[in-house]
There are 2 protein chains.
Amino acid sequence: MTSVAGPIPRRERARAATVDEIKATALELMHEQGTTDVRFTDIARVMGMTPPALYRYFADRDELLVALITDAYNDLGDAVAAARDAVDEEDIRGRWIAAAGAYRQWALREPQQFSLIFGLPVPGFVAPQEGPTTEAASRALSQLAAMFADASRRGRLDPPLVRTVPDSLRDCVAEEQKFSDIAPESFQAMLHAWASLHGITSLEAYGHLDWMDPEARDALFLGQVRLAAQTAGLPADRDAAATEVDPAAVPGT
Amino acid sequence: MTSVAGPIPRRERARAATVDEIKATALELMHEQGTTDVRFTDIARVMGMTPPALYRYFADRDELLVALITDAYNDLGDAVAAARDAVDEEDIRGRWIAAAGAYRQWALREPQQFSLIFGLPVPGFVAPQEGPTTEAASRALSQLAAMFADASRRGRLDPPLVRTVPDSLRDCVAEEQKFSDIAPESFQAMLHAWASLHGITSLEAYGHLDWMDPEARDALFLGQVRLAAQTAGLPADRDAAATEVDPAAVPGT
DNA sequence: TCAGCCGAGTTACGTTGCTTCACTAAAGCG
DNA sequence: CGCTTTAGTGAAGCAACGTAACTCGGCTGA
């Protein structure tokens, strides 16, 4: 999209490549060490550079973290959107389950990035309230919301199990014109579904379900997600709608 | 309880007091700075000591963190248990809501401790798989489980919305003799409820619901928790049972 | 072509925090 | 009263962050 603006800024591509390599190396190290801690020294060593060289690309550790957090938001949003869009638009519940599965798989695959987004700020790092992260922050939620909005527009949303919406919450929703396509009670149901998904995901990602077999964790997750779908009024596909919520009937995540 | 064992070990009490002061100071600093990072230097300065003195009490920063994590587990478990037991045993759903509210309030009050338990290991800190934390780790969950077990023993558990339990999950539950009082489907429902509670709690504790008014957050939480209760088969109290799930009808958390 | 610019990267350095070690001093105990 | 035990200190090593001054190589414009 920016390729027209100039004669392919040559120098900048090398720079961008280095920036990407730094971020990739940082993620790699976080992955190896299992923490969100990154030492500039280590990144530099892996990249065959000396630590001060990194300051050409990031003013300090915080700036690198901000970049990583922004990327993480985008990654998660993309993963969720891709999984969702891979399922037939008519299969409302199938889309939700696919999106939820992507959310989970991403978290399990990249617990550090998940932690960057959904955990406490990294030690010594003050979250920039006004910054590039804020904009990207709602992307994952937006992907879920878009799904509800689509379904709503098609008239495929059933009333959720919780039909009453307290005034305070209703007012809040009204202010978010981005979600104006969704009825307040469905918006509330979406938040409930998201929280439910997020809860099972973070418990698993942080090892609090390690006492269960992997298959049991799969089953628990599917049950949770299908339960959320049902209570949120996401209609089951014709095939699956016959019985009660039944995680075992769904193919593995 | 140990006061009989000896002539009141004088010296050890001062030591225990210092240990407590160190932990309290660490928490205070974490609270001030909003991170789970603790600098030995700062703790020492606040306490009017030099940093090396702390090594008389904790071998290193990790050991202090382990102690803090253990305390956090116990604190949370105690808070949940206390809130639960403050409600009439007959009011099954009321006990759940009280316990859930305590879980949430504790997390909001002590986000750093919450993060210590439910987040990624702190940078440079390797979670001791075999250690004092493991034992205390399941206490919060145990408190919730105890509630379900009580209700089950009294025959006050309704069948949950999700009645099918995949074999893999069923096998898992069977191995946990601690939970033998609970039917597998109710155990599954309890995990679903816990995940749901944990999700809404951690989203809020980490600021991902900051775009909502505080009252709206209260309402959303109550809706989530009551929804979880309903789907898990926790019977509503007579008074509240009349209508649909209605968060607005419940007094503020 | 070449003089100069620009930016990547380096070495050297100051600072801070973790941790060890050797030592002091005070409190308990026989 | 003298021994032991232990809290605490100062000095020092080490590692990581971050700054500053310098080098080097490629690009650019007259």
Side-chain angles (χ1 to χ4, degrees), chain A residues 6-30 32-68 121-126 128, chain B residues 5-30 32-68 112 121-126 128:
Chain A
I8 312 168
R10 307 234 315 132
R11 203 64 192 172
E12 301 196 2
R13 232 178 329 154
R15 184 177 179 82
T18 306
V19 167
D20 285 347
E21 189 185 347
I22 292 173
K23 294 193 289 191
T25 307
L27 289 178
E28 186 185 318
L29 288 170
M30 293 191 333
E32 277 175 18
Q33 304 175 359
T35 73
T36 53
D37 197 14
V38 210
R39 272 177 286 276
F40 262 37
T41 305
D42 292 347
I43 299 175
R45 183 177 38 72
V46 170
M47 291 180 65
M49 292 168 37
T50 55
L54 298 180
Y55 289 84
R56 291 272 173 209
Y57 302 92
F58 297 96
D60 52 17
R61 231 166 101 268
D62 284 6
E63 200 172 291
L64 172 58
L65 283 174
V66 170
L68 291 175
V122 169
F125 166 73
V126 281
Chain B
I8 313 167
R10 307 235 315 133
R11 203 63 195 167
E12 300 196 1
R13 230 176 332 151
R15 184 178 180 83
T18 307
V19 167
D20 286 347
E21 189 186 347
I22 292 173
K23 293 194 289 191
T25 307
L27 289 178
E28 186 185 319
L29 287 171
M30 291 191 334
E32 276 176 20
Q33 306 176 356
T35 72
T36 53
D37 199 14
V38 210
R39 272 177 286 276
F40 260 37
T41 305
D42 291 348
I43 299 175
R45 183 178 37 72
V46 170
M47 292 181 64
M49 292 170 36
T50 54
L54 298 180
Y55 288 82
R56 292 276 172 205
Y57 303 93
F58 296 96
D60 52 17
R61 231 167 101 268
D62 284 7
E63 200 173 291
L64 172 58
L65 284 175
V66 171
L68 291 176
Q112 287 78 33
V122 169
F125 165 74
V126 281

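Quick caveat: nothing in here was measured; it's all calculated off a predicted structure. All values below come from the heavy atoms of this structure, side chains included, with hydrogens, waters and symmetry mates left out.
Residue A:Arg15 has no polar side-chain atom (N or O) positioned under 4.0 Å from OP1 or OP2 of C:dG7. OP1 or OP2 of D:dG8 has not a single side-chain nitrogen or oxygen of B:Thr50 nearer than 4.0 Å.
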**Criterion salt bridge (Lys or Arg N to Asp or Glu O under 4.0 Å) on A:Arg61 and A:Asp37, from CA distance to verdict** = CA-CA 10 Å; A:Arg61 231 166 101 268; A:Asp37 197 14; 3.6 Å; yes

**Item:** Trace of the side-chain contact (heavy atoms from CB on, under 4.5 Å) decision for A:Phe58 with A:Lys23
**Value:** CA-CA 10 Å; A:Phe58 297 96; A:Lys23 294 193 289 191; 4.1 Å; yes

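Note: CD1 (B:Ile22) to C1' (D:dG8) measures 12 Å, nearest angstrom. Computed from coordinates, the A:Met47 CE to C:dG9 P distance equals 8 Å when rounded to whole Å. Whole-Å rounding puts the B:Arg13 CZ to C:dA27 P distance at 17 Å. When the C1' atom of D:dG18 is taken as reference, atom CD of A:Glu63 falls 14 Å away, rounded to whole Å. Between B:Tyr55 atom OH and C:dT20 atom P there is a gap of 6 Å when expressed in whole angstrom units. Across the protein-nucleic acid pair, B:Ile43 atom CD1 and C:dT19 atom P stand 11 Å apart, rounded to whole Å. Going from atom CE of A:Met49 over to atom P of C:dA8 covers 10 Å, rounded to whole Å. Straight-line distance from the CZ atom of A:Arg45 to the P atom of C:dG9: 17 Å, rounded to whole Å.
Within the 4.0 angstrom heavy-atom criterion, only backbone atoms of the sugar-phosphate kind lie near A:Thr41; the bases stay farther away. Residue contacts for B:Asp60: at a heavy-atom cut-off of 4.0 Å it reaches the sugar-phosphate backbone alone, with no base atom in range. Here A:Pro51 lies out of heavy-atom contact (under 4.0 Å) with every strand. Heavy atoms of B:Phe58 sit nowhere under 4.0 angstrom from any nucleic acid atom.
In this structure, the side chains of A:Val66 and A:Glu63 stay at 4.5 Å or more apart for every pair of heavy atoms.
With the nearest nucleotide of DNA chain C identified for both B:Arg56 and B:Ala59, B:Ala59 has the one nearer the 5' end.
For A:Pro52, the listed nucleotide lying nearest its side chain is D:dT19; candidates were D:dC22, D:dT19, C:dT20. Of the candidates D:dC17, C:dT20, C:dT10, the closest approach to any side-chain atom of A:Phe40 belongs to D:dC17. You'll find that the side chain of B:Arg39 is closest to C:dG17, out of C:dA8, C:dG17, D:dA16. Side-chain proximity of A:Arg61 to D:dG8, D:dC17, C:dG9: nearest is D:dC17. Here the nucleotide nearest the side chain of B:Tyr57, chosen from D:dA7, C:dT20, C:dT10, is D:dA7.
In this structure, A:Met49 CE and A:Ile43 CD1 are separated by 10.0 Å, a value rounded to the nearest 0.5 Å.
With ring centers used as reference points, A:Tyr55 lies under 6.0 Å from A:Phe40.
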